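Predicted model only: the values in this text are computed from it and were never measured. If you read the sequence from its start, that first residue is 1, and numbering goes on from there. Indexing begins at 1, ligand by ligand and atom by atom, following the structure's order.
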Amino acid sequence: MGEGKGYDYSTSHRMLECVGIPALGVLTGLLAHEAAQGLRQRPEEAWWAVPTALFLAYLVADFVSGLVHFLGDNFGSETMPILGEAFIRPFREHHVDPLAITRHDFIETNGNNSLICLPAVAAAYTLLPARGELWAAWAALFVASFMLGIFLTNQFHKWAHLEAPPGWVQLLQRSRLILSPEQHDVHHTPPFDTYYCITTGWMNPVLHLTGFFPRLEAVLRWVFRCPKESATREMRT
Ligand SMILES: [Zn+2]
Ligand SMILES: [Zn+2]
């Protein structure tokens, strides 16, 4: 373990994260470059392709952040292989000590998400014929932007818990371009069962008003025959 080193998890995982973050940056940059090359050949299509890919990617990243957070908070066990350590334990500990995330440095905050994004970005870079097909150029830009949104999710989440974030971060929060503390507070208020999205929070009101997560929870508990464990809720403060 890394006691005294500024982090309290294994040094091997820390090294993996230190490689994963720059690797994701390089691969995402290459994928975005391929998308740009493809769209440059079709300037008459790029005017709609670029904004739709960017907007949808950011919106879907917010939805996926909420879905993964919902699953981590409500399903599975912290001792499950890989998923337990990567998703379930961090989300559940976050409800016991919401400010712990504010003590994590950039690598600890964002390392896990970079590792999760890497295979998808590598697959998109390898498989998408972005220079030849319009749909593939759009998809490459979508995937690159989506992965950037997922990568930044924990950073936005951390900023939402900071007592005094930098002025430019507060500006982004107030303009709702990233998760705002006011909106995220709703999730940290009993009964802790809504406003799971933590990238921008744009999907939170929609999913709350439509009862998306309670309905999904009921369906999953019925399909997988797993009744609600009261312990999950009781550990929250
Ligand atoms: Zn939660
Ligand atoms: Zn939080």
Side-chain angles (χ1 to χ4, degrees), residues 7-9 58 60-80 82-114 116 149-166 169-170 172-174 176-221 226-237:
Y7 55 91
D8 63 357
Y9 54 104
Y58 210 34
V60 175
D62 193 46
F63 174 73
V64 171
S65 78
L67 191 62
V68 173
H69 181 175
F70 157 79
L71 293 171
D73 273 7
N74 295 287
F75 290 90
S77 151
E78 294 169 50
T79 55
M80 283 171 75
I82 303 172
L83 292 179
E85 189 62 27
F87 292 110
I88 299 169
R89 188 176 64 83
F91 279 128
R92 299 204 181 158
E93 286 184 356
H94 180 59
H95 281 277
V96 177
D97 182 4
L99 294 183
I101 191 173
T102 66
R103 297 188 289 272
H104 296 168
D105 66 5
F106 182 82
I107 291 168
E108 185 170 2
T109 302
N110 303 296
N112 266 341
N113 277 11
S114 75
I116 287 146
I150 294 293
F151 171 68
L152 291 170
T153 291
N154 271 346
Q155 189 64 50
F156 296 163
H157 184 197
K158 173 184 171 178
W159 283 338
H161 281 281
L162 286 182
E163 201 170 318
V169 171
Q170 291 184 38
L172 290 173
Q173 291 172 334
R174 278 200 300 273
R176 297 292 190 267
L177 287 172
I178 64 174
L179 182 68
S180 72
E182 297 77 22
Q183 203 189 69
H184 189 50
D185 279 349
V186 179
H187 179 68
H188 284 280
T189 304
F192 313 101
D193 63 354
T194 188
Y195 276 58
Y196 288 99
C197 300
I198 50 176
T199 308
T200 61
W202 294 347
M203 291 298 292
N204 280 327
V206 179
L207 298 177
H208 180 75
L209 287 172
T210 55
F212 176 80
F213 285 117
R215 287 168 203 264
L216 179 61
E217 182 172 357
V219 169
L220 292 176
R221 292 202 184 285
C226 53
K228 183 176 282 191
E229 293 172 28
S230 57
T232 307
R233 300 275 183 225
E234 284 164 6
M235 65 185 273
R236 298 175 180 178
T237 53

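- At a threshold of 4.5 Å between non-hydrogen side-chain atoms, the residues Pro181 and Trp159 do not count as touching.
- Pro190 is linked by a side chain to side chain contact (heavy atoms under 4.5 Å, CB included) to Phe192, counting only residues two or more places apart in sequence or in another chain.
- Note on the Zn ion (ligand 2): protein N, O or S atoms under 2.8 Å away count 5, no waters included.
- Geometry at the Zn ion (ligand 1): NE2/His69 and NE2/His95 form an angle of 160°, nearest 10 degrees.
- By the ring pair (Phe, Tyr, Trp, His ring centres under 6.0 Å) test, Phe151 pairs with no residue at all, sequence neighbours left out.
- Taking the charged nitrogens against the carboxylate oxygens, Asp97 and Arg103 do have a contact shorter than 4.0 Å, which makes a salt bridge.
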Residues Asn204, Gln183; criterion side-chain contact (heavy atoms from CB on, under 4.5 Å); working and verdict: CA-CA 8 Å; Asn204 280 327; Gln183 203 189 69; 3.0 Å; yes
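- Closest to the Zn ion (ligand 1) among the N, O or S atoms of Asp73 is OD2.
- In this view, Phe213 and Phe70, Tyr196 satisfy the ring pair (Phe, Tyr, Trp, His ring centres under 6.0 Å) rule, not counting sequence neighbours.
- Aromatic ring centroids of Tyr58 and Trp202 lie under 6.0 Å apart.
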